[in-house]
There are 2 protein chains.
Amino acid sequence: MPRASAADAAQTAQRILDSAKELLSARGFSEVSVDDVARDAGVTRGAVYHHYRNKVALFGEVAARLQADVARAVVAAAENADPQPHEQLKAGSHAFLDAITNGAAMRILLIDSPAVIGWQEWRRLDAENSATHLREALREAGVAEDILDASTAQLSGAMNEAALWTAQQNDIDLARRQSHRALDRLLTAYVS
Amino acid sequence: MPRASAADAAQTAQRILDSAKELLSARGFSEVSVDDVARDAGVTRGAVYHHYRNKVALFGEVAARLQADVARAVVAAAENADPQPHEQLKAGSHAFLDAITNGAAMRILLIDSPAVIGWQEWRRLDAENSATHLREALREAGVAEDILDASTAQLSGAMNEAALWTAQQNDIDLARRQSHRALDRLLTAYVS
DNA sequence: CCAGCATACATACACACTGTACGTAAAGGA
DNA sequence: TCCTTTACGTACAGTGTGTATGTATGCTGG
């Protein structure tokens with residue numbers, strides 16, 4: 001049995017993660033077995049269980065990476081935008097929608113995550129990434145302090161559902177434009 | 001083995017449904033086995049599989065009933081409210097939040113449903129119940145025709161997340177009030 | 001330079017759960 | 001009264017998870 005150096009081990013873990021991301025996003029958590037992931041990565045289940053505690057932990061790791069990817073895109077867009085709070089909200093929400101609707105993120109983050117890792121954990125992940133920025137943008141847009149968390153949650157939910165809706169439409173480009181316009185209308189609520 | 005008449009059979013199916021609703025809402029789909037449901041209902045798995053095609057179908061039936069319950073509450077509230085479109089939206093969204101955050105509906109409808117029965121099917125259920133009313137209210141509030149579907153999805157997502165956020169807070173009554181106020185602010189986007 | 005230990009897997013196994021096939025007894029019509 | 005259908009119960013096969021165990025390799029201290 002050829003063995004792997006520490007560097008190769010990290011590479012194995014990464015290959016498992018990549019396979020998991022692809023399969024999970026295509027078929028969903030319940031339709032992907034650990035063996036499927038292992039085979040796709042060219043290892044056995046033993047390797048997967050060596051690198052990840054269990055199937056849920058593997059899923060959680062994939063979700064965390066994706067969440068970070070999306071957050072990076074959103075932050076980048078906000079930094080390049082007009083610093084006016086309302087413009088920040090618009091730029092950020094558009095970027096979020098675009099980032100999450102192409103690639104593997106959507107199904108994993110928006111469909112499976114709440115059920116698999118639990119809503120609390122999912123929210124915690126979100127809070128570590130995008131949610132903080134959204135909250136800050138809302139604060140600067142003049143949302144009262146005591147409804148800041150509630151408003152953040154609601155706007156986040158609106159954007160998540162916008163993404164799901166968009167991805168489901170036949171003409172995705174058209175749907176994207178419609179979602180953007182609908183978001184803009186929704187965000188007029190936060191024009192101070 | 002004592003057998004059951006047709007009337008008793010319907011009652012058995014109902015008992016199974018009741019047990020399923022309770023267990024699923026408390027523990028979630030993946031943590032409840034068909035055998036758990038059967039035992040709670042005082043029958044064997046055979047009875048469950050006689051009345052419902054499989055575990056997902058049983059879940060779907062529970063979800064459909066809950067969805068209808070929530071929709072009824074929302075419609076009732078809207079009918080008793082000021083017929084002004086904006087007031088309809090406010091009354092409806094408040095009623096939705098209150099209805100879904102107490103009882104068994106929340107976890108089943110908002111956490112597990114998308115993953116278990118699929119987002120499309122979940123949306124279809126929603127469309128048969130609450131979504132149509134929401135869409136109509138938005139139209140009457142002056143939302144342009146081509147972004148009506150997108151706006152409906154977004155507002156629905158906002159309300160769903162509001163419910164999840166509310167239920168998660170320590171002081172639920174306080175959270176409910178904050179969610180109501182945050183929703184009111186959000187709905188100012190649809191003041192014509 | 002080699003003995004011993006930790007690492008990185010592979011293999012084998014126990015357990016749980018799902019769905020299905022089959023058995024059976026009562027209900028209800030012909 | 002017979003015969004079919006309904007309403008279950010029971011037994012079984014298959015799949016998937018997690019864990020225990022085996023094993024070979026890299027690495028480190030003496």
Side-chain angles (χ1 to χ4, degrees), chain A residues 1-24 26-63 108 112-113 115-118 121, chain B residues 1-24 26-63 108 112-113 115-118 121:
Chain A
M1 288 293 133
R3 267 294 314 294
S5 69
D8 289 347
Q11 201 181 337
T12 300
Q14 182 64 44
R15 287 222 319 283
I16 292 171
L17 217 56
D18 290 341
S19 293
K21 177 168 76 175
E22 191 182 320
L23 294 177
L24 288 170
R27 289 191 247 155
F29 184 80
S30 68
E31 297 301 309
V32 173
S33 73
V34 174
D35 195 47
D36 291 338
V37 174
R39 268 210 294 274
D40 190 83
V43 294
T44 63
R45 296 187 332 119
V48 177
Y49 278 98
H50 174 71
H51 287 285
Y52 304 96
R53 231 178 22 264
N54 53 32
K55 193 184 171 188
V56 171
L58 172 59
F59 178 94
E61 193 57 36
V62 171
I108 292 175
D112 281 340
S113 275
V116 173
I117 66 176
E121 177 66 11
Chain B
M1 289 293 135
R3 269 295 315 295
S5 69
D8 289 348
Q11 200 182 338
T12 299
Q14 181 65 44
R15 286 221 321 282
I16 292 170
L17 218 56
D18 290 342
S19 294
K21 177 167 76 174
E22 192 183 320
L23 294 177
L24 288 170
R27 288 192 249 155
F29 184 80
S30 68
E31 297 302 310
V32 174
S33 72
V34 175
D35 195 47
D36 290 338
V37 174
R39 268 210 292 274
D40 190 83
V43 294
T44 64
R45 297 187 332 118
V48 177
Y49 278 98
H50 174 72
H51 288 286
Y52 304 95
R53 228 177 28 262
N54 51 33
K55 194 185 170 187
V56 171
L58 172 60
F59 178 93
E61 192 57 35
V62 171
I108 292 174
D112 280 340
S113 276
V116 174
I117 65 176
E121 176 65 11

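Atoms considered below: every heavy atom in the structure, side chains included; atoms not considered: hydrogens, waters and symmetry mates. Here is the naming used below: chain letters follow the sequence lines, and residue numbers restart at 1 for every chain.
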Q: What contact category does Val56(A) fall into here, base, sugar-phosphate, or nothing, at under 4.0 angstrom with non-hydrogen atoms?
A: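 Nothing: the residue Val56(A), judged by heavy atoms under 4.0 Å, touches no strand.
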
Q: Between dT15(D) atom C1' and Lys55(A) atom NZ, what is the distance in whole Å?
A: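 Atom-to-atom, Lys55(A) to dT15(D), this comes out as 12 Å.
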
Q: Distance check needed: dT25(D) P versus Asp8(A) CG, whole Å only.
A: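 Distance, rounded to whole Å: 14 Å.
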
Q: Rounded to whole Å, how long is the line connecting atom CG of Asn54(B) with atom P of dA21(C)?
A: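 My rounded result for the distance is 14 Å.
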
Q: Is there a residue in residues 35-50 of chain A whose heavy atoms reach under 4.0 Å of DNA chain C, and which residues are they?
A: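 Residues of residues 35-50 of chain A that come under 4.0 Å of DNA chain C are, in numerical order, Val43(A), Thr44(A), Arg45(A), Gly46(A), Ala47(A), His50(A).
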
Q: Restricting to side-chain hydrogen bond (donor to acceptor under 3.5 Å, both in side chains), what partner residues turn up for Arg39(A), sequence neighbours left out?
A: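 For Arg39(A) the side-chain hydrogen bond (donor to acceptor under 3.5 Å, both in side chains) partners, ignoring immediate neighbours, are Asp35(A).
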
Q: State whether the number of non-hydrogen atoms from other residues, nucleotides or ligands found under 6.0 Å of Arg27(B) atom CZ is greater than 12.
A: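 Above 12, so yes.
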
Q: Calculate the interatomic distance between Glu31(B) atom CD and dA16(C) atom C1'; express it in whole Å.
A: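 Rounded to whole Å, this separation is 12 Å.
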
Q: Please state how far atom CZ in Phe29(B) lies from atom P in dC17(C), giving the value in whole angstrom units.
A: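 Whole-Å distance recorded here is 13 Å.
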
Q: Can you tell me how far P of dG19(C) sits from CG of Leu58(B), to the nearest Å?
A: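 It works out to 10 Å between those atoms.
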
Q: For Ser33(A), check side-chain hydrogen bond (donor to acceptor under 3.5 Å, both in side chains) against everything at least two apart and list the hits.
A: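 Here the qualifying residues are Asp36(A).
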
Q: Is there a side-chain contact between Asp8(A) and Gln11(A) (heavy atoms, below 4.5 Å)?
A: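 With C-beta onward as the side chain, the pair touches.
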
Q: ring-ring contact (aromatic ring centres under 6.0 Å, His included) with Phe29(A): which residues, sequence neighbours excluded?
A: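 For Phe29(A), the residues satisfying ring-ring contact (aromatic ring centres under 6.0 Å, His included) (neighbours in sequence not counted) are Phe59(A).
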
Q: Would you say Thr12(A) places a side-chain N or O within less than 4.0 Å of OP1 or OP2 belonging to dC9(C)?
A: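 So the side chain of Thr12(A) is within the cut-off, an N or O lying under 4.0 Å from OP1 or OP2 of dC9(C).
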
Q: Any side-chain N or O of His51(B) less than 4.0 Å from the OP1 or OP2 oxygen of dA7(D)?
A: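 Negative; the distance criterion is not met.
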
Q: What integer distance in Å separates Tyr52(A):OH from dT17(D):P?
A: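 In whole Å, dT17(D) P and Tyr52(A) OH are 16 Å from each other.
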
Q: Applying ring-ring contact (aromatic ring centres under 6.0 Å, His included), can you list everything that pairs with Tyr52(A), at least two apart in sequence or on another chain?
A: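 For Tyr52(A), no residue satisfies ring-ring contact (aromatic ring centres under 6.0 Å, His included) once neighbours in sequence are set aside.
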
Q: Please give, in whole Å, the distance from dT19(D) C1' to Arg53(A) CZ?
A: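 Computing the Arg53(A):CZ to dT19(D):C1' distance gives 15 Å.
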
Q: Hey, can you pull the donor-acceptor pairs under 3.5 Å for the side chains in residues 13-22 of chain B, sequence neighbours left out?
A:
residue	atom	partner	partner atom	Å
Gln14(B)	NE2	Asp18(B)	OD1	3.0
Arg15(B)	NE	Ala41(B)	O	3.4
Arg15(B)	NH2	Ala41(B)	O	2.7
Ser19(B)	OG	Arg15(B)	O	3.2
Ser19(B)	OG	Asp40(B)	OD2	2.7
Ser19(B)	OG	Ala41(B)	N	3.4

